[in-house]
Amino acid sequence: MSIFVDSDTKVIYQGLTGSQGRYYGLLNREYGTQVVGGTNPKKAGEDVDGIPVFANCADAVEATGATASCIFIPAAGVYSAVMDAAQGGIKFIVCITEGVPAHDEAKFYNELKAQHPDVQMLGPNCPGIITPGQCNIGITAGHIAKPGGPVGIVSRSGTLTYQALYELQQKDIGVTTCVGIGGDPVPGTSFIDCLAAFEADPATKAVMMIGEIGGSAEEEAADYIKNHMTKPVSSYIAGVTAPPGKKMGHAGAIVSGGKGTADAKMEALRDAGVKVGLNPTEAGELMAEIVASM
Amino acid sequence: MDLFEYQGKQFFKQFGMPISDGEVAFTVQEAVSAAEQLGTPVMVKAQVHSGGRGKAGGVKFAATVDDVQEHATNILGLDINGHIVHRLWIEKASDISEEYYASFTLDRSAKKHLGMLSAEGGVEIETVAVENPDAISKIHVDPAVGLTREAAQVWVDGANLNPVAVEGAVDIVMKLYTAYVEGDADLVEINPLILTPDNRVHVLDAKVTLDVNSVFRHPDYAEFDETQPRDEREEAAHAKGLQYVGLEGSVGVIANGAGLAMSTVDVINQVGGKPANFLDIGGGANADVMAGALEVINNDPEVESIFINIFGGITRGEEVANGIIEALNRVDIDAPIVIRLDGTNAEEGRAILEPALNDKLMMEPTMLDAARKAVELAKGADA
């Protein structure tokens with residue numbers, strides 16, 4: 001079992017003909033993902049290493065029955081790509097692209113909610129999603145994830161997502177699904193969406209959650225865990241020692257006025273019964289203890 | 001990207017909002033001639049990216065040109081919360097009857113735009129929010145729908161402004177929303193928005209933060225980028241397109257991904273060291289990016305050791321390894337380097353690095369081991 005994607009998921013790569021789209025599209029196919037098509041309005045009818053290219057998602061969905069897409073389009077084209085996917089019948093859109101303007105994100109997030117309520121978006125600015133051994137959509141190195149379970153992972157940061165997978169693999173702990181929700185201001189999928197899905201997934205017995213400073217998503221997740229989750233959670237928040245007022249790379253990672261600090265987030269999580277580690281390795285060790293006690 | 005007040009006002013002016021006439025001055029002489037041209041009385045206002053300018057003595061009323069001379073002399077060079085004043089905004093003084101507050105920003109929890117309007121302007125809005133939250137009239141605007149005049153009217157009516165200000169305020173908040181959306185701003189704030197004795201609603205201050213991700217559709221924002229305050233190290237990193245934040249310690253940090261870079265800073269602190277910086281080389285880092293990152297760190301005289309922490313996703317291990325080798329050939333790196341490399345093609349990367357290892361270039365298997373090693377080297381250098 002898994003959440004959101006599995007071995008039956010058929011995926012269209014929007015931007016398959018670009019260098020990044022091609023590299024990761026082929027890498028994902030090699031992993032076992034059903035990469036059934038790509039899109040590029042100027043290259044319809046061509047193929048990329050045998051993968052057919054369509055003019056748009058509607059054509060691709062009609063021809064292949066795909067339900068998911070993965071966006072490797074430059075930031076300026078992401079808004080159109082998201083709407084093309086939703087209008088074309090894609091139900092799960094994964095957007096890897098970074099640098100998308102916040103106003104575009106806010107707009108397509110709300111347009112999807114209003115016009116395509118059955119569509120779920122992951123990202124932008126995320127590493128994607130992997131159900132180890134079955135389906136890898138995005139830029140995660142598949143070999144660092146051990147298939148099976150019992151742990152689900154949800155993370156706001158790309159490289160820390162890999163770090164979390166790696167820590168668990170080193171301890172011979174399997175992962176049901178690992179979701180990188182991205183660090184942008186308006187993530188299509190939230191911590192809570194993933195926590196709810198993991199809570200409902202019978203194969204997932206515990207959840208590892210990687211957050212970072214800025215915003216209030218971790219505090220909201222803590223509130224959800226406290227009131228709705230029965231499964232144990234371990235966590236790590238990046239930016240514990242970040243000086244206040246400094247903006248560290250991510251649009252999401254800004255600390256100001258005592259709000260959104262790592263301390264506030266860790267306290268909220270501990271209050272919800274979450275085991276909080278001070279670095280990714282410690283969070284992995286805490287998860288190993290949780291798994292060992294099952 | 002934060003704008004100075006005068007840049008924010010010029011930005012607002014493009015969207016038809018009423019601002020006072022004024023001029024930028026870099027010297028006392030320029031301030032005086034600006035005042036002569038505008039006609040006194042004027043305000044002499046320090047232009048820095050910091051709040052609390054008035055309290056720090058950076059905003060003064062000048063009734064005469066002599067006053068302008070005196071205030072400009074005092075304010076230029078003033079330190080306001082760590083920001084040195086290098087430029088002034090000389091603006092025609094306004095008569096004020098009442099002071100309001102208006103802003104738009106993104107409410108990340110609601111995933112909608114949030115407008116805030118208050119009759120209690122001119123002070124820290126955070127204080128009003130805590131002590132008298134009902135004094136702030138709020139509106140959530142669906143980005144897919146936009147702000148209608150009807151909704152703006154209801155919102156403004158809820159703020160209990162002076163009745164004579166309502167029509168002017170509705171007009172300004174509509175324009176403020178347009179500026180916020182079309183200008184791709186993260187924040188637009190007017191504090192104070194004033195009512196004059198002759199019943200005009202007028203923009204007296206401007207705080208604007210623009211979204212750097214939107215620059216591709218606003219090529220004119222390049223001029224704002226040039227006036228961002230950066231220290232020497234940050235300027236060098238920015239010129240190379242690197243995400244860099246200067247810190248106070250001795251362990252230089254290079255990592256891929258903001259989360260991993262933050263985590264690296266955390267781990268260095270936890271094992272007893274002090275990071276010299278935060279540096280995210282991002283996804284797709286190649287030899288050039290790595291070489292540039294090493295150059296920036298190498299130019300920081302405080303750095304005693306360098307910790308390169310790479311976990312490959314989009315960045316492939318052999319690219320990282322080749323980048324390090326090439327950078328070492330290009331730049332004479334002073335401090336010892338500790339590398340931790342994992343993820344996509346990590347083994348290929350490690351194989352490339354292996355022959356180059358020596359007492360100035362080391363490799364450790366885990367993040368914690370590498371952090372300990374880098375901190376030990378930095379401390380050894382201090383002793």
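Lettering of chains follows the sequences in order, A, B, ..., and the numbering in each one begins at 1.
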Point to revise | A/Ala102, part contacting chain B, at a heavy-atom distance under 4.5 Å | key: both

Review point. Using non-hydrogen atoms only, which part of A/Tyr236 is less than 4.5 Å away from chain B: side chain, backbone, both, or neither?
Key: side chain

Review point. What part of B/Asp184 is in contact with chain A, defined as an atom under 4.5 angstrom from a non-hydrogen atom: side chain, backbone, both or neither?
Key: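 B/Asp184 touches chain A through backbone and side-chain heavy atoms alike.
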
Check your understanding: Could you walk me through whether B/Phe311 and A/Ile144 pass the side chain to side chain contact (heavy atoms under 4.5 Å, CB included) check?
Key -> CA-CA 11 Å; B/Phe311 205 100; A/Ile144 57 166; 3.6 Å; yes

Does any N or O in the side chain of [X] come within less than 3.5 Å of the main-chain N or O of [Y], such that one atom is a donor and the other an acceptor?
X: A/Asn279; Y: B/Val267; result: no
X: A/Thr159; Y: B/Asn256; result: yes
X: B/Asp266; Y: A/Val240; result: yes

Check your understanding: Counting only heavy atoms not in B/Gln228, do more than 12 fall under 6.0 Å of its CD?
Key ->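 Yes - once you tally the heavy atoms of other residues, nucleotides and ligands closer than 6.0 Å, there are more than 12.
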
Roughly how far, to the nearest 0.5 Å, is the [atom2] atom of [Y] from the [atom1] atom of [X]?
X: B/Arg108; Y: A/Ser190; atom1: CZ; atom2: OG; answer: 13.0 Å
X: A/Gln163; Y: B/Asp342; atom1: CD; atom2: CG; answer: 7.5 Å
X: B/Asn213; Y: A/Asn125; atom1: CG; atom2: CG; answer: 8.0 Å

Check your understanding: Under a 4.5 Å heavy-atom cutoff, which of A/Ser155, A/Ala217, A/Ala106 has the most pairs with chain B?
Key ->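 The residue among A/Ser155, A/Ala217, A/Ala106 with the greatest pair count is A/Ala106.
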
Point to revise | Residue among A/Thr281, A/Leu278, A/Ile210 with most heavy-atom pairs under 4.5 Å to chain B | key: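 Option with the greatest count: A/Leu278.
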
Review point. With distance as the sole criterion, is a donor-acceptor pair present between the side chains of B/Lys112 and A/Asn110 under 3.5 Å?
Key: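 There is such a pair between these side chains.
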
**Study point:** Residues B/Ser109 and A/Glu220: side-chain donor-acceptor under 3.5 angstrom
**Key:**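 Yes, side-chain donor-acceptor contact under 3.5 Å.
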
**Study point:** Residue pair A/Ala238 / B/Ser263: nearest heavy atoms and the distance that separates them
**Key:**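 That would be CB-N, 4.4 Å.
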
Exercise for review: Before giving the answer on side chain to side chain contact (heavy atoms under 4.5 Å, CB included), spell out for B/Leu368 and A/Glu282 the whole-Å C-alpha distance, their side-chain angles and the decisive distance to 0.1 Å.
Suggested key: CA-CA 10 Å; B/Leu368 272 173; A/Glu282 204 175 298; over 6 Å; no

Review point. Is A/Asp104 paired with B/Arg217 through a side-chain N to carboxylate O contact shorter than 4.0 Å?
Key: yes

Practice item. Evaluate the ring planes of A/His103 and B/Tyr180, with Trp represented by its six-membered ring, and classify them as parallel (under 30°), tilted (30 to 60°) or perpendicular (over 60°). Key: perpendicular

